[in-house]
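Below: one structure, written as structure tokens.
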Amino acid sequence: MTVETPLIYVWLGKKIPSWTYKSLLFTAKKNQNRDLIFLTDFFHNKIELQNLKIKNLEVYLIDGKKEFQILSSKSLIKNDFWIRCSLRFEIIKEFINKKNINKFFHAELDNILFNFSSLENIFDKIGNGIFAPRDAIDRAIASFIYCNNKNCLDDIINIYMDKNLKIENDMYALGYYARNNKKFFSLPTESFMYNSKKWDVLSPDICGGIFDAAAIGQYFLGIDPIISRYKPTRNLFKNENSKIDFKNLFIEIWEKNIYLKFQKNNFKYKLFNIHVHAKRIDKAEEILTKGKIYKSINSKKSIFINDKYKLYLGIFIKLFDVLKTTIKKIIRLFKCF
């Protein structure tokens, strides 16, 4: 039996959110012949993941407190989230060098991945480098990537180190790499027809389907509730970087897979992943049952996905935040005296 290229996840610093487990279980079940590797620096996470009893999941503890190169970048946004997103490149590099892994897939944890057997064989015939979905001229999204050239990780790390560049986060590091290096291959998203006029995009006919950078997951299930702090999350959100007419986009379910159907052109493509921006992995799985979310997507009538209570309490949450910010300012002012 052909050994499939491993899929690597990275999580740093704190307890894994509960929705992660559903994501891993879904992807592991859909890809039973592929090793899933999870890298974390928190021992409790290792125990929790091992308790899932996923046969093809291997968990490794890493040193998350070492002096990473990227931390010295002058332009990287210095908040915990964006730092962790960028550090993954160095963490994966160190791990694959230690384990002598020459090629790998990587996915963000808020993705569910359908079966992608033999996808590496298709990509290996196309070229050597890094493959990722790109949703704008200046950025690419590491929701689901493939790398068959380890030197690409060094290249990306060096982008952060270039004092002449302003690289705020991982999306723009990948975007800069996409614009300036022939070792980057743009995976087709829902906007592949429009994007192919702006940059080189692999054909979904060659890849066997389409990849979700973010727009499809946001349309299916809405945006991250952290962003929508004072309002409930509804689906049918339209990402500003998506260049399709969502009125002409419909979905079909066949053999437990989702297919995007572009009615205007009568095209239909398998969806390899859903980037579940709203973190409702359970709701993403629910689409496959052809329930109310499936019907919402095809009828173009949005429904609540998260936090319906904010319809009534959102204004009070906002007032509380304003009060908290005001108190902090007053405290800082008194400290100056």
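Only heavy atoms go into these numbers, but all of them, side chains included; no hydrogens, no water, no symmetry mates. Quick caveat: nothing in here was measured; it's all calculated off a predicted structure.
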Quiz prompt | Pair D162-Y176, side-chain hydrogen bond (donor to acceptor under 3.5 Å, both in side chains): steps then yes or no | solution = CA-CA 12 Å; D162 191 329; Y176 181 86; 5.3 Å; no
Practice problem: Scan residues 183-207 for pairs that pass salt bridge (Lys or Arg N to Asp or Glu O under 4.0 Å), counting only residues two or more places apart or in two chains. | Solution: D155-K183
Quiz item: In this structure, which one of D212, I244, I251 forms a side chain to side chain contact (heavy atoms under 4.5 Å, CB included) with L260?
Solution: I251
Self-check item: For F89, ring pair (Phe, Tyr, Trp, His ring centres under 6.0 Å) partners two or more places apart
Solution: none
Quiz item: Side-chain contact, heavy-atom cut-off 4.5 Å: L87 with V10?
Solution: no
Quiz item: What residue among L57, L24, I37, V59 forms side chain to side chain contact (heavy atoms under 4.5 Å, CB included) with Y9?
Solution: L24
For residues 310-319, which side-chain N or O atoms pair as donor and acceptor with protein atoms under 3.5 Å away, sequence neighbours left out?
from: K310; atom 1: NZ; to: S228; atom 2: O; distance (Å): 3.2
from: K310; atom 1: NZ; to: R229; atom 2: O; distance (Å): 3.0
from: K310; atom 1: NZ; to: D307; atom 2: OD2; distance (Å): 3.1

Self-check item: K30 NZ: over 12 foreign heavy atoms closer than 6.0 Å
Solution: yes
Practice problem: Name the orientation class of the two ring planes belonging to F131 and Y146 (parallel below 30°, tilted from 30 to 60°, perpendicular beyond 60°). | Solution: tilted
Quiz item: Under 3.5 Å, side chain of N115 to main-chain N/O of N31, donor-acceptor pair present?
Solution: no
Quiz prompt | Co-members of I47 in a cluster of I, L, V, M, F, W and Y side chains, linked at under 4.5 Å | solution = F43, L61
Exercise. Using the ring pair (Phe, Tyr, Trp, His ring centres under 6.0 Å) rule, take F272 and F144 through it: C-alpha gap first, then chi angles, then the decisive distance, then the call.
Key: CA-CA 9 Å; F272 277 110; F144 180 46; 7.2 Å; no
Quiz item: Is it true that R88 and E108 make a salt bridge, defined as a side-chain N closer than 4.0 Å to a carboxylate O?
Solution: yes
Self-check item: Side-chain heavy atoms of I137 within contact of R134, under 4.5 Å
Solution: yes
Self-check item: Note, M171 side chain near W82 side chain (heavy atom, < 4.5 Å)
Solution: yes
Exercise. For the residue pair H44 and F42, categorise the inter-ring angle as parallel (less than 30°), tilted (30 to 60°) or perpendicular (more than 60°).
Key: tilted
Self-check item: Y60 atom OH, neighbour heavy-atom count above 12 within 6.0 Å
Solution: yes
Quiz item: Got more than 12 heavy atoms from elsewhere within 6.0 Å of CG, L323?
Solution: yes
Practice problem: Taking the side chain as every heavy atom from C-beta outward, state whether Y160 and L165 have any pair of such atoms under 4.5 Å apart. | Solution: no
Practice problem: Compute whether any side-chain donor of one residue and acceptor of the other, for S186 and N195, lie under 3.5 angstrom apart. | Solution: no
Quiz item: L174 versus I159: any side-chain heavy-atom pair under 4.5 Å?
Solution: no
Quiz item: Considering residues, nucleotides and ligands other than K150, do more than 12 of their heavy atoms fall under 6.0 Å from its NZ?
Solution: yes
Practice problem: Determine, using the 4.5 Å side-chain heavy-atom cutoff (strictly less than), whether F26 and Y259 are members of one ILVMFWY cluster. | Solution: no
Quiz item: Is the count of non-hydrogen atoms from other residues, nucleotides or ligands lying under 6.0 Å from K301 atom NZ greater than 12?
Solution: no
Practice problem: Take atom NZ of K55 as the centre, draw a 6.0 Å sphere, and report whether it contains more than 12 heavy atoms from other residues, nucleotides or ligands. | Solution: no
Quiz item: Judged by atom type as modelled, is there a donor-acceptor pair below 3.5 Å linking the side chain of S23 to the main-chain atoms of L109?
Solution: yes
Quiz item: Would F123 and F185 satisfy ring pair (Phe, Tyr, Trp, His ring centres under 6.0 Å), going step by step from the backbone distance to the final call?
Solution: CA-CA 9 Å; F123 292 158; F185 301 89; 8.7 Å; no
Practice problem: Take D110 and H277 through the test side-chain hydrogen bond (donor to acceptor under 3.5 Å, both in side chains) and record every step on the way to the result. | Solution: CA-CA 7 Å; D110 57 350; H277 206 252; 6.0 Å; no
Practice problem: Could you list all the salt bridge (Lys or Arg N to Asp or Glu O under 4.0 Å) pairs where at least one residue sits in residues 249-261, not counting sequence neighbours? | Solution: E252-K261, E252-K268
Self-check item: Residue pairs, two or more places apart or on separate chains, that pass salt bridge (Lys or Arg N to Asp or Glu O under 4.0 Å) and touch residues 173-182
Solution: none
Quiz item: Are E94 and E90 side-chain neighbours, meaning at least one heavy-atom pair lies under 4.5 Å?
Solution: no
